[in-house]
Every structure is written in structure tokens, then in C-alpha cells.
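First up is the structure itself, then whatever we jot down about it.
Note: hydrogens, waters and symmetry copies are ignored here, and every other heavy atom, side chains too, is used. This one's a predicted model, so the numbers in the text were calculated from it and none came from an experiment.
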Amino acid sequence: MLTDEPKTADLHPSVDTSAKSNLIWQRMNPGIVMHRVARKTPETYVQDFATAPLDFYFDQAWFKGEEGSALEVYFGIPTRDLHYVAGADGRLIANVKIGLALYDEDNKPVYRSSEEIQLHASEAVDTTKFAFVPEMERLSVAPGAYRLSVQIMDTSSDKSQVYNRKVVVSPFGDDSLRLSDIEMASLIRPGRGSKFTKGEIEVVPNPSLFYFAGQPVFVYCEVYNLKKDEFGRTKYRILYELQSLQKGNVVVRMLNVLGRFVGVDQKSEIVTVEYAHEGENVDEYGYLELDMSNTDPGNQMLTVSVVDDNSRQTSTSTATFTIR
């Protein structure tokens, strides 16, 4: 266990308390402000004894990193089951420890981290069932098969939970068209310098993978190894296909998307929308905001395909999410 005293700093600005903001932010408590604690120990990962389970959301996505592949792990820390105590200033505080470990096929740890954060409630704590605060960690990983182990502990109540997941990392390379994993997000907006910033935008993850009826659905992905033509230009298309896994009705309206609209193929259970892109970079990113308020509730499958018009290569990624 760690014994040094934490140092805190504001991670996020206060969240707008309007009804629209509450909806966009996945019912996250607008009165909770997260503080990152500068106490990070790559050498230690302890699965403490738990007095009771503490369920939480987590998901991951693979991207091309500076050295090989980059794994992003997303956490949704529930506010409903945390134990809050009064701080020195009278505000309610929840103390949470997040642990992450990656093991190779021989069960040897290749990465370990442990971090403590504090959640400060400046007003009444949101105790609704699906309220959570987002968190993430990004690490560089060599290609191979791994076991990902993640843990969240409420250090005030000793409630804890550990989840394990098998992950396989394939090399992105630089000789063929590749598409990253799809990151489902609660919000995409201009970058504000937070840990969720990717280039010029901020992508706030949604590790729960569900959206309430009428809530915008945000999608982010990256394209790698596009081929340039003789004029140094890239030319490619991205197709977004949405399909109801319950054979329900799918109705999609694009609210915000990169690219030039090409066309839409609308069926009752499947919708495919195509956008064209041109540029100068061999690596690009794409995102979109969807209005699915008229879609039947249930599980949805999103397939994103990129077609390089210069190399004639294609690459595809899929993700699933739920409309409640």
C-alpha cells in the first residue's frame, strides 16, 4: 500500500448543471469535480481485500502510438456506491484508488500502476443508478496477447472490484491501411488540455457503452497509413453502418461529422452513411455526433469502414453500444 500524502490538482472544470449538460455528460454528477492525485506508482499493484463489491464500468481501445500500439483504458467510477466523508472545508469527499496491470502470456506483469483520486462534491451527490465520473489511462504496448486486470477501490469503505479481460495487440505497421478501435464517447468538443484531449479535440469516454433515449451518441476513431497520390494528397471515404441487434427500427441523424457527405442507405434495421475526405497526412482521425432519439431501444452495432481511393485498400472496426 502507498503511504505518502497525496497532492491534488483540478482535473476538470465544473460541469454545466443544465438539463442538456446532464444528458450529454451521461448523468454524471454536475456537483462532483475530480481531482487527480499526483501519486503514481508503476512498481506496485495491490488487490486489496474488499468488504463488499464496487461495480464500475470499464472499456478499452487500441490506437497507434509513438512506439508501437497505445492502449487506452477507460473507467466509469460510480457515484452511487461510494462512501463520502466531510473534508476540512465541509465538502463531501470520496477517496478512490485505481489499479491497472497488464500480464503477458506467461503471466508475467509488463505494466503496473496505482493511483489515488479524490472526488469532491460541491453539492448533493448524484445517487442515480447510472451516474459515473470518467477516468482513463494510456500506455504503450508491444504486439502480443495479454491479460488486462483493472481494479477500483473505495478506500474509505474498502469496497472493491477487480475485472480481467484478454486482449490481443496487432501491429499497426506502416505499409497497409489500418483503422483504430472505435471509442464510444459521452462528449466530443474542442480540446481543453485535459487527459482526454486528442489533437485539437477533447474526447470524453463513455465506458458504460449505453446512451439514454435522446442523448447524442459520440464516436471517435483514427485512420493510419493512407497513401498519397502523385500530388501528395490523400483521398479516402469513411462509411458508418448502424444496425439494431434486436431487429428494431434504426433512425439516425448526423449532428456533427468530419468530411463531405456522399450518401445514405436507409433501411429499417440498418443505416449506412458515407463521407468523403481529402488531405495531406497519412494518419487522420474522424468523429461524429449522432441523434438516435427515434431509434428503438436495445443493443446497436456500429461498423466503421475506411476505403483508401489511392491504394484501393479497406479496413474495418466494430463496436457495440446500447440505447436505453
Side chains of residues 238-254: which donor-acceptor pairs under 3.5 Å do they make with residues two or more places apart or in other chains?
unit_1, atom_1, unit_2, atom_2, d
Ser244, OG, Gln246, N, 3.3
Ser244, OG, Lys247, N, 3.3
Ser244, OG, Gly248, N, 2.8
Gln246, OE1, Asn299, N, 2.5
Arg253, NE, Asp291, OD2, 3.4
Arg253, NH2, Asp291, OD2, 3.0

Without placing hydrogens or testing angles, list every side-chain donor-acceptor pair under 3.5 Å for residues 167-177, not counting sequence neighbours.
none

- Value for CZ (Phe218) from OH (Tyr211), rounded to nearest 0.5 Å, stands at 8.5 Å

- Aromatic contact, Phe56 with Phe132 (centres under 6.0 Å): no

- Item | Full working for side-chain contact (heavy atoms from CB on, under 4.5 Å) between Tyr146 and Tyr103 | CA-CA 5 Å; Tyr146 300 92; Tyr103 301 88; over 6 Å; no

- Any donor-acceptor N or O pair under 3.5 Å, side chains Thr197, Glu202: no

- All side-chain hydrogen bond (donor to acceptor under 3.5 Å, both in side chains) counterparts of Asp308, not counting sequence neighbours: Ser311

- Establish, yes or no, whether the cationic atom of Arg324 lies under 6.0 Å from the six-membered ring centre of Phe212 and within 45° of the ring axis. no

- Residues two or more places apart in sequence or in another chain: which of them pass side-chain hydrogen bond (donor to acceptor under 3.5 Å, both in side chains) with Ser305? Thr316

- Are Tyr287 and Phe196 linked, directly or through other ILVMFWY residues, by side chains that come within less than 4.5 angstrom of each other? yes

- Message: Could you check whether Asp106 pairs with Lys108 (Lys NZ or Arg NE/NH1/NH2 to Asp/Glu carboxylate O, under 4.0 Å)?
- Response: no

- Could you pull out all residues at least two apart from Arg233 that satisfy side-chain hydrogen bond (donor to acceptor under 3.5 Å, both in side chains)? Glu280

- Partner set under side chain to side chain contact (heavy atoms under 4.5 Å, CB included) for Ile182, not counting sequence neighbours: Met184, Val219, Leu302, Val304, Ser317, Ala319

